[in-house]
Amino acid sequence: MITTPHSVKEYRGQLKKALENEFLGTTLDNFATAYKTSRAKAFEGIDLEGLIQEIAAGKDASIPCLEELFALFKVRAEAAGVTVHAAHTATEANEIISSIARANGVRKIVKGKSMTAEETFLNTHLEKAGYQITETDLGEWIIQLRHEGPSHMVMPAIHLSRKQVAELFTRVTGEHQDPDDIDGMVKVARRELRQAYLEADMGITGANFAIAETGTLGLVTNEGNGRLVTTLPRVHVALVGFDKLICDLKSALRILRALPRNATGQAISTYVTWITGANECAPGPDGRKEMHVVFLDNGRLALAKDPVFSQTLRCIRCGACANVCPIYKLVGGHNYGHVYIGAIGLILTYFYHGRENARAIIKNCLNCQACKSVCPTGIDLPHLIKEVYRAVLEVEGKKPVKNVLLSRVLKDRRLFHFLLRRARLAQKPLAGGGDLIRHLPLFFSKEHRFRSLPVVAKNPLRDIWEHINPRLPKPRYRVALFGGCLVDFVYPEQAEALLKLTREHDVQLEYPMQQTCCGLPAKMMGENETAREVAVQNLKAIDPANYDWVLTLCASCGSHMKENYAKLLADEADLPVKVQQLRDKIIDFSSFMQNVLKVAPEKFVESHKKVAYHSPCHLCRGLHVTKEPRDLMKTAGLDYVPAKDEEVCCGFGGSFSIDFPELSAELLKRKLDNVEATGAGVLVTDCPGCVLQLRGGMDKRAAGKVKVKHIADVVAENLKR
Amino acid sequence: MPKQDLKEMMKEKAQAVQSVVSEVGSIEEAFRYAIDITRKQGGTVLAAPGLGRQDASAFAAFRALCEQNGVALVKESLRAEIGKLHTGFTVADYGIAETATIVQESSCEDLRIATMLSEIHVAVLPAARIKPNAMALENELKGEMKSAPSYLAFISGASRTADIERELTIGVHGPQELHILILDGDQA
Ligand code: SF4
Ligand code: SF4
C-alpha cells in the first residue's frame, strides 16, 4: 500500500532514511548522468524548442474540448464494435471494470503498465473482487510481487538492486537465481508471464493516446507486453485518462517524436500499437475481441477549465521531470510523489489523491527549474508546484508563523530594512538576530549547522552608495542596479567590484533607493499577494524608461522579475508596459560584460588562476544564460575548469534549506565534492544566494581550501591597474 | 529523399535498435534466408500467416522450399502452435527510415501471434515502401484506421527491457531478434 506522510516532520524522518540508502543514491545519480547524454543525443538534429511548442499547442487545442473529443471518440469506436464508458471517479472506473469482468465470466487478468490504473488502485479493487491479476511489464511485475507502488513512471522498479530482484525471484520460483545473471532473470519473467497471458480471460491496458477522429488507441511499449495483453485474452479493457484524448493522428505522431526520446533517450520505443475497433480474436464472441474503453475523469474535466492548472493535462508521462530533479535523485520516487512521481507528481497528487497526501511533499521543491527545462510539453512545473502549495495553505487556513511575519515585514520596506540593521547590532550571524530575523528572506535558523552563515554588513550598500559611486561626466550607458537583499545587506562588496568595472568602462550606475526585496521569497512561500505588492513597489522605484539597462548581480532576483512579474501583475491595469520594459532591460552581470560592454582581454591580467564554476539555477534555466559567464572568466584571464554537474542546484533554494536541511546539506556536499575534484582554487558563481550556500559549506569543510566568489569579484580583481 | 538514401538510413538506424538489415533480390531469397536462420538456430516451425492469406502461389512455393529443408510452414490457427513457433515471417506494409521501424497492419490475429510469440521475426520490406519518417505516413495510417477494425503495429527492433538496474536486456516477451530484408523491385 502506498502511504505518503501528511506532515513535514514525518516526511523529514522518511527522507533521512532515504538519504542513507547508498544503492539508491548511486543508481539515481548514474541514471541522471546517463540520461542527460542520451537525451541530448536522441534530439540531435531536431528543433526541440519548436517541437515543444507544437506539442503544447496541439494539447492546448484538445484540453478545452475534451468532452467533445470524448463524444467523437465514442461514436467512432462504437461504430467499430467497442464499448466506451466514462467514469467520474476512480471508484466508478474500478467498478465499471469489475462489472465487465463479471459479465464476461473472467477469472484471470493480465495487465499492461498503466499509471492511470495505479491512480485508481485498480489491482487492489480487482483482487478484493476475487480476480487473479498479473502485471506483465517486468518492472510492474516485480513491484507487484513486492506489494509496492512504482518509484518512477517509466521505470517502476528503478529503486531495486539486482540482488533484491534475485531474492524475490528465488522466492517466487523456488529456484535459486543468480543476481549477476540479469539475462537469466529476464528469462524467468518471460517464462512465468507467458503462462499468465495464455491463461488470462481479460487484458487491461492504459493508453498513451486516444485519437478522437478515428476512435483509435495508441500504446507505446518496449517489452511488447502491451501487444500480448491486447491480443491473447478474449476481453480487452483500456483505462484511459480524459487527458489522453487528442484531436487527430498528426498530434499523436508529433508527441511520439518526443516521448521516447525524452523518456529514455530512444528514438522510438520498440512497439507502438494503434488499435481501432474490436479486432479478430479467436476465443472471443463471434471471433472478435470484447473490447471496452473506460475514460477516467477523476478531476481532469475540472482541471481542464482551470486557467492556471489546465496545462498539467498536457503531461505525456515521460518521467523526465523526475530524471533531472536533484531531489528525486537523492531520495527516489517513493519519497517524491504519491502515485505520480516527480515534479508533475507533486502537483497531480493534490488533484487526484488529495490535500493530505500533497501537504508535505509539495514543499519539497528547490524551484531549480530543472524539470521545466526538460518537459516536452512545456509545463511550467516549478510555478505550478508553488501554486499548489499556495492553494494548500489557503484551503487549510493555517498559515505558518513565518508566512505571516514574512508578509508583514516584506510589505513595509522601512520595517524590513530596520530589522536587518538591528540584526547587525546583535553582531551575530543572521541566525541569531532576534525572533523575526530568521523568518526574513534570508530565513536562517540555528539548527542548520551544515554551513556557516554570514553576518549583516556593517555598512549596507544603500548607506555607502553615494560615497563609492562617482558621477561620470559623459557615460556611455545609464544603468540601474537592482541589488537584492543579499547584495544590499550582506555582500555590498560585490557591488563595489561591479563599480570598479563599470567605472573603467564609462558606465554610470545608479541605485534607486526605494527598491526593496524582489519578492521571490514571498512567492516561494505561496504569498503571492505580498510578492505582488513588493513587485509594484519595485516598479515604482525603478522606472525602466530612465535607464539603458537594469542590471542585477543576483540571478534569482533577475529571473523572478523577468518571469514572474508579468504573472503577478497581470491584473494591474497601469503596469503592463512597465513590466515589459523591465523585462526587456533586465540583464545579468556576465551578459552585460560580454555582450553589452564587450570587455576586452587586454584590460585584464592573465593570472591563469584555476577556477571552477557553479551555474545558478536561475541563471542557466531562469535567464537562459550559460555561455557568457564561462566566456567572461576566460576574457578576464582565468583558467576555467569544468566540474561535474555544474548546472545542478547547490541546495540553497531560499526557504527550502529551512524546511529540508538534510537535503540541502547533501546537495551542497555533492556540489563541493565535484568542485574539489577539479583541483581549482576558486569557485566562481553569479548569484549571491549561491555564494552564501557554497561559501558557508566550504567554510565548514576540513579540507575547505577553495575560495567561493561572485563572478564580479574575480573579474574585478584581474582588472589591470 | 532518394530510395537509396532511405535504405541507407534504415540500415544505419537499425544498428541502434539491434535489428539485422539485409537486402534481398527476390522473395525466394527471403524465403531461403528465413529457412536458413531457422535451421541454424535449431528451429523447426516457420509461420507466414500474411503470405498465406494474400498470396497462395508464393505461399505454396515457400512451403515446398520449407519441406525440402525439413522445416514446417504454418499459416493459420496459430494459437495452437504457440510454444512451437520459431520464426515469424511477414511482409511489412511500410518502413520508417528515421527510426528503422517496420509498419504492419495486423488485424489478422495469426499475424499478430506470428510476430509476437515467435522466437525471431523476419520481415520483408519492399524498398519502395520506405518513408523518411512517421509524419510522411500520416495519410496511409489514417486510411487504415478509418477502415476499422485495425491493429497497426510499429515495430523497431526486438522486445527489450531495462527494468532491472537499467541494464538493456533483449527478448523479455516478444521475439528476441528482428531481421529486416529490404526487397528491391516489385516482386513483393
Ligand atoms: S524545480 Fe527543481 S527541485 Fe523543484 S521539482 Fe523541479 S527539478 Fe525538482
Ligand atoms: S510533466 Fe512534462 S516532463 Fe514530467 S512527465 Fe509530464 S510530460 Fe514528462
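The chains referred to below are lettered A, B, ... by the order of the sequence lines, with proteins before strands, and numbering in each begins at 1.
In this structure, a donor-acceptor pair under 3.5 Å is present between the side chains of B:Tyr151 and A:Thr230.
Here the straight-line distance linking atom OG1 of B:Thr101 with atom CD1 of A:Ile268 works out to 5.0 Å at 0.5 Å rounding.
The choice from A:Leu249, A:Thr214, A:Thr264 that makes the most heavy-atom pairs within less than 4.5 Å of chain B is A:Leu249. Taking chain B as the reference chain and counting heavy-atom pairs below 4.5 Å, the highest number among A:His159, A:Glu223, A:Arg254 is found for A:Glu223.
Using a 4.5 Å cut-off between heavy atoms, A:Leu219 does not touch chain B at all. Residue contact with chain B, scored on non-hydrogen atoms closer than 4.5 Å, involves the side chain of A:Gln266 exclusively. With a 4.5 Å cut-off on non-hydrogen atoms, A:Ile158 touches chain B through its side chain but not through its backbone.
Taking a cutoff of 4.0 Å between a charged side-chain nitrogen and a carboxylate oxygen, A:Glu280 and B:Arg112 do not qualify as a salt bridge. Checked for salt-bridge contact, B:Glu98 and A:Arg257 meet the test: a charged N lies under 4.0 Å from a carboxylate O. Here A:Arg227 does not pair with B:Glu109 in a salt bridge; the nearest charged N to carboxylate O distance is not below 4.0 Å.
With hydrogens and angles disregarded, a donor-acceptor distance shorter than 3.5 Å links the side chain of B:His173 to the backbone of A:Thr136.
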**OP:** Show your working on side chain to side chain contact (heavy atoms under 4.5 Å, CB included) between A:Leu256 and B:Phe154 and close with a plain yes or no.
**Re:** CA-CA 12 Å; A:Leu256 188 60; B:Phe154 286 13; 4.1 Å; yes
